[in-house]
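Below, chain A is the first sequence line, B the second, and so on; all start at residue 1.
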There are 2 protein chains.
Amino acid sequence: MLSSLCKHEMPVPELSERAQYLLKALTERYIRDGQPVGSRTLAREAGLKLSPATIRNVIADLEELGLVTSPHTSAGRVPTVQGYRLFVDTLLSVQPLEHALLDELELNLGAEADSRELVETASSLLSDVTRLAGLVTIPRREHASLQRVEFLPLSEHKILAILVISDTEVQNCILNMDRAYSAAELQQFSTFLNEQFAGKEIHAVRNTLVSELRETRENLNRMMATAMDMADRVLGEAEQGSDYVLAGQANLMEFNELCNVTTLRHLFEAFNEKRQILNLLDQCVESEGVQIFIGEESGYQMLDECSLVTAPYTVDGQVLGVLGVIGPTRMAYERVIPIVDATARILSAALNPHD
Amino acid sequence: MLSSLCKHEMPVPELSERAQYLLKALTERYIRDGQPVGSRTLAREAGLKLSPATIRNVIADLEELGLVTSPHTSAGRVPTVQGYRLFVDTLLSVQPLEHALLDELELNLGAEADSRELVETASSLLSDVTRLAGLVTIPRREHASLQRVEFLPLSEHKILAILVISDTEVQNCILNMDRAYSAAELQQFSTFLNEQFAGKEIHAVRNTLVSELRETRENLNRMMATAMDMADRVLGEAEQGSDYVLAGQANLMEFNELCNVTTLRHLFEAFNEKRQILNLLDQCVESEGVQIFIGEESGYQMLDECSLVTAPYTVDGQVLGVLGVIGPTRMAYERVIPIVDATARILSAALNPHD
DNA sequence: CTTTAGCACTCCTCGCACCCGAGTGCTAAC
DNA sequence: GTTAGCACTCGGGTGCGAGGAGTGCTAAAG
């Protein structure tokens, strides 16, 4: 399940049992109440029978290694990005999800709705349950397979193309043509295309079309050529439909560290400027299992103080998209991770054709 | 153009020429730099050759009338909601739009895109140009007329219904049926419906269907009954499609008075919780011309420190939806109003069928 | 009667000094 | 290796005072 948590490998320095334990305690404490945690607190917190002074020595080592840092001379310590990484990768003990929560997720994602709706529901659910901002990419059509194509005449030079991708997903687009086509002609086109390509992957269909068109245009009769040309345009539109859904941004404002208005501003600008976040999400598509980006690791400074926890969701083993949450670095990973994981699996199940 | 600015009538007390002028100057000044403005400043600002003392007397009257208020004893004055209202209704001199801006709007809303896209572009444009949050309701279909209907079989019990509303707008939905239908049957249904209802308003079609079904069910043959039933379900879906698009929320954070994180929080929660804002927008639909809600006037306390400037956009005289911006009460009305007005008109033009 | 000047008063803002507490690092003793 | 003790640092809160902006009132001037 957490197969790829350790993506950002680094020479993990050998840490004593104790040091690890203290880092874990420190991080958990910091996640809990957001205050830099000092040696005295830590001594009390961790069940260890050690004096603050001893703790200080260990913590000093951790600081040396860049795992924790203090905001100013006489404050407690706070995990650094590396600290979080280590914490998440090796120290974290994820809680199993309560049944109640699982049931809620399954209930809400159980209804037969179209896939777009399901995906949006998933985003809202994530945001509700985690109190962070939930986000989900909309299924990419590249890997979906084409069930059939239909063309309807709209007006003189406009044709409505309908792409049936699955029982629950349909897409249409309007084509502006250079001449008028009769209903009969259009019927021929779609019959032809359906015979040739029904059931194939959209991406493959498109490639075939392009190459066939280029290579053997002269060998095709006029009708086929037109049909393919039209299909090509439809598929082109269909492919660039990748986008994402975001819910519950307001939750982000509950966190002190994001209360800085300029930080929030950058964040919301990033949301409006979808490209950047999409890029990030794209990176998560390949890997399976939960992925975590901590702070600057994302490579986008606008997400500096945020972490991203994502998991891909699939149909028939094909990754359709990614879902997850975005929140302050200091989020309750042990809780968020299983939630994201479960949601991804339940959404996958809901999207799988079963009737 | 500004036909309905004076919606919130109130017994406007007779104000001397001078008092009006000073209220205008004060409001403009306050809008410019957000600081309470004092008598000295006002004396300099307003070209009048009056001493601060005189100004103070006049301002004291304005305060008496509830048009301005001072945040604390020895600060300058700030317009109240009533003050803004008066300002907007009777004192404001709207700037004509520069040609460059008009051109930009027309250029961006000129492309042939489908209506949904146009509407989203309008929202982004508004937000870009005004540096406020732009928002636009998605065209309501109730008043749109139906060009035709098509049904396609998807699988055993699923049918794809396609609603052609105009050359540029198509909507589809998937119907789960209780038995299988052949392509031929579906063809019959759509032919029947198209003959009966093509060109009628969706709303009207639906009403007709419902009443005919109820009254004369026994007189209809089975085929027609089924066809009507199906159409009813499609139209029902089509009608509830009202929603809105929002762009540029990040802009809101540029304003000091909204930097209060809790205020922002309420605002963003309102955006997520679409209903409230939709209600507000609905109120704007009936009236023609630019509408302005100032602060608490909206009736939603979450918009307390915000104003809403909206204008409906139309096709063939039918109001399709509303567009506008939301921003702090202290916004540059004289600039925003013509922009919203122009955008509404340009969007209307772009949506009007012309080919 | 309107306008103005003068003046006392209020209240916000800012800088300053201050102290307190939390926490550290170091050293020396256990 | 662990602990106690101690000096030191720094941030945050508090209290005080000066400065400034602005008001309201009154009385005199136009």
ask   = To the side chain of R18(B), which of dT3(D), dT3(C), dT24(C) is closest?
value = dT3(C)

query = Separation of L62(A) atom CG from dT24(C) atom P, in whole Å?
reply = 12 Å

task = Tell me which nucleotide among dT2(D), dT24(C), dC11(C) gets nearest to the side chain of S39(A).
result = dT24(C)

query = Closest heavy-atom contact between C284(A) and T310(A)?
reply = SG-OG1, 3.3 Å

ask   = Among the nucleotides dC11(C), dT23(D), dT4(C), which one has an atom lying closest to any side-chain atom of R77(B)?
value = dT23(D)

Distance, rounded to the nearest Å, where R44(B) contributes CZ and dG22(D) contributes C1' = 13 Å

ask   = How close or far is atom C1' of dG22(D) from atom CD1 of I55(B), stated in whole angstroms?
value = 14 Å

note = Testing dT4(C), dG25(C), dT3(D) for proximity to the side chain of A53(A), the answer is dT3(D)

request  = Could you check how far CZ of R40(B) sits from P of dA5(C), rounded to whole Å?
outcome  = 11 Å

query = Start at the 5' end of DNA chain D and walk down; is the nucleotide closest to A60(B) or to S74(B) reached first?
reply = S74(B)

Lys/Arg N to Asp/Glu carboxylate O, E28(A) vs R32(A), below 4.0 Å = no

request  = Using a strict cut-off of less than 4.0 Å between a Lys/Arg side-chain nitrogen and an Asp/Glu carboxylate oxygen, indicate whether R330(B) and E305(B) qualify as a salt bridge.
outcome  = no

query = Any ion pair linking E98(B) and R335(B) (charged N to carboxylate O, less than 4.0 Å)?
reply = yes

key: Euclidean distance, I339(A) CD1 relative to Q95(A) CD, rounded to 0.5 Å   = 8.5 Å

task = Determine the contact category for T73(A): base if any of its heavy atoms lies under 4.0 Å from a base atom, sugar-phosphate if only primed atoms, P, OP1 or OP2 are that close, otherwise nothing.
result = sugar-phosphate

inquiry  = Nearest to the side chain of E63(A), heavy atoms from C-beta on, is which of dT3(C), dG25(C), dC10(D)?
reply    = dG25(C)

message = Rounded to whole Å, please give me the gap between CG in L26(B) and P in dG22(D).
response = 12 Å

ask   = Taking atom C1' of dC9(C) as reference, at what distance in whole Å does atom CZ of R56(B) sit?
value = 13 Å

inquiry  = Taking only side-chain N and O atoms of S70(A), does any of them lie within less than 4.0 angstrom of OP1 or OP2 on dG23(C)?
reply    = no

